[in-house]
Amino acid sequence: MSPFLFENLLMNTEFIYPAKYLDFASEKSSILIEPWFILFADEKKSLHYNRVLQKKFPESFFIPFALNHDISGFWNDGWPVLACFDAKNSLGEVYIYDFENPTTSPYNNFSYDTFLLWLNAANEESKLYKEERNIVD
């Protein structure tokens, strides 16, 4: 199954997915960054969180690509966290939107300059999460 990308919704923007993200999307192991869930694996969830962000920030167009939602409360007290690209910005920056600490602008939250920086941080976070939960790959 090919990854879900927001191609049809991006037709009126100049956004281009970062090459590293497209490489990542083509790898089978890319969905194993627990507690992150990679949204291209689920079109319905991708569209849902895209609508949530559009409703919250109608002047922006964020493309959610990863969701951290450990409903057990073990990580982030069970609040969802989204990693997103800004479709109005082709620089490939990753914005983090944390529902536990909502803001009036997604730009007020933590961000990474590149997808690769986010991916490295997510892998480190996954390692810690698995160690703390005693999960072994």
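Keep in mind that what you see is a predicted model, and the values were worked out from it rather than measured. Residues take their numbers from the sequence shown, with the count starting at 1.
Across all non-hydrogen atoms, the minimal contact from Gly92 to Pro18 is CA-CG, 3.8 Å.
Scanning for side-chain contact (heavy atoms from CB on, under 4.5 Å) contacts around Ala122 gives Ile33, Trp36, Trp118, with sequence neighbours left out. With sequence neighbours left out, the side-chain contact (heavy atoms from CB on, under 4.5 Å) criterion links Ser46 to Phe4, Phe6, Leu39. Checked against side-chain contact (heavy atoms from CB on, under 4.5 Å), Leu22 has the following partners two or more places apart in sequence or in another chain: Leu5, Tyr17. Contacts of Asp113 classified as side-chain contact (heavy atoms from CB on, under 4.5 Å), with partners at least two apart in sequence or in another chain: Leu117.
Residues Phe40 and Phe65 place their aromatic rings such that the two centres sit no closer than 6.0 Å. Ring centers of Tyr97 and Phe99: under 6.0 Å apart, within the cut-off.
You'll find the side chain of Val81 reaches within 4.5 Å of the side chain of Ile96, heavy atoms only. Considering only heavy atoms from C-beta on, Tyr112 stays 4.5 Å or farther from Glu93 through its side chain. Contact of the Tyr95 side chain with the Phe85 side chain is not registered, since no non-hydrogen atoms from C-beta on lie closer than 4.5 Å. Using a 4.5 Å heavy-atom threshold, the side chains of Cys84 and Leu53 count as touching.
There is a path of hydrophobic side-chain contacts, each under 4.5 Å, that joins Phe110 to Ile63.
Interatomic distance, CG of Leu119 versus NZ of Lys20, reported as 10.0 Å (0.5 Å rounding). A distance of 14.5 Å separates NE2 in His48 from CD in Glu43, rounded to the nearest 0.5 Å. Considering CG of Asn123 and CG of Leu128, their distance stands at 11.0 Å, rounded to 0.5 Å. Summarising the geometry, atom CD belonging to Gln54 is positioned 9.5 Å from atom CG belonging to Leu47; distances are rounded to the nearest 0.5 Å. To the nearest 0.5 angstrom, Glu124 atom CD is 8.0 Å from Asn120 atom CG. With values rounded to the nearest 0.5 angstrom, Glu34 atom CD is found 9.5 Å from Asn68 atom CG.
Aromatic ring pairs are classed by plane angle as parallel below 30°, tilted from 30° to 60° and perpendicular above 60°; the pair Phe57 and Phe62 is perpendicular.
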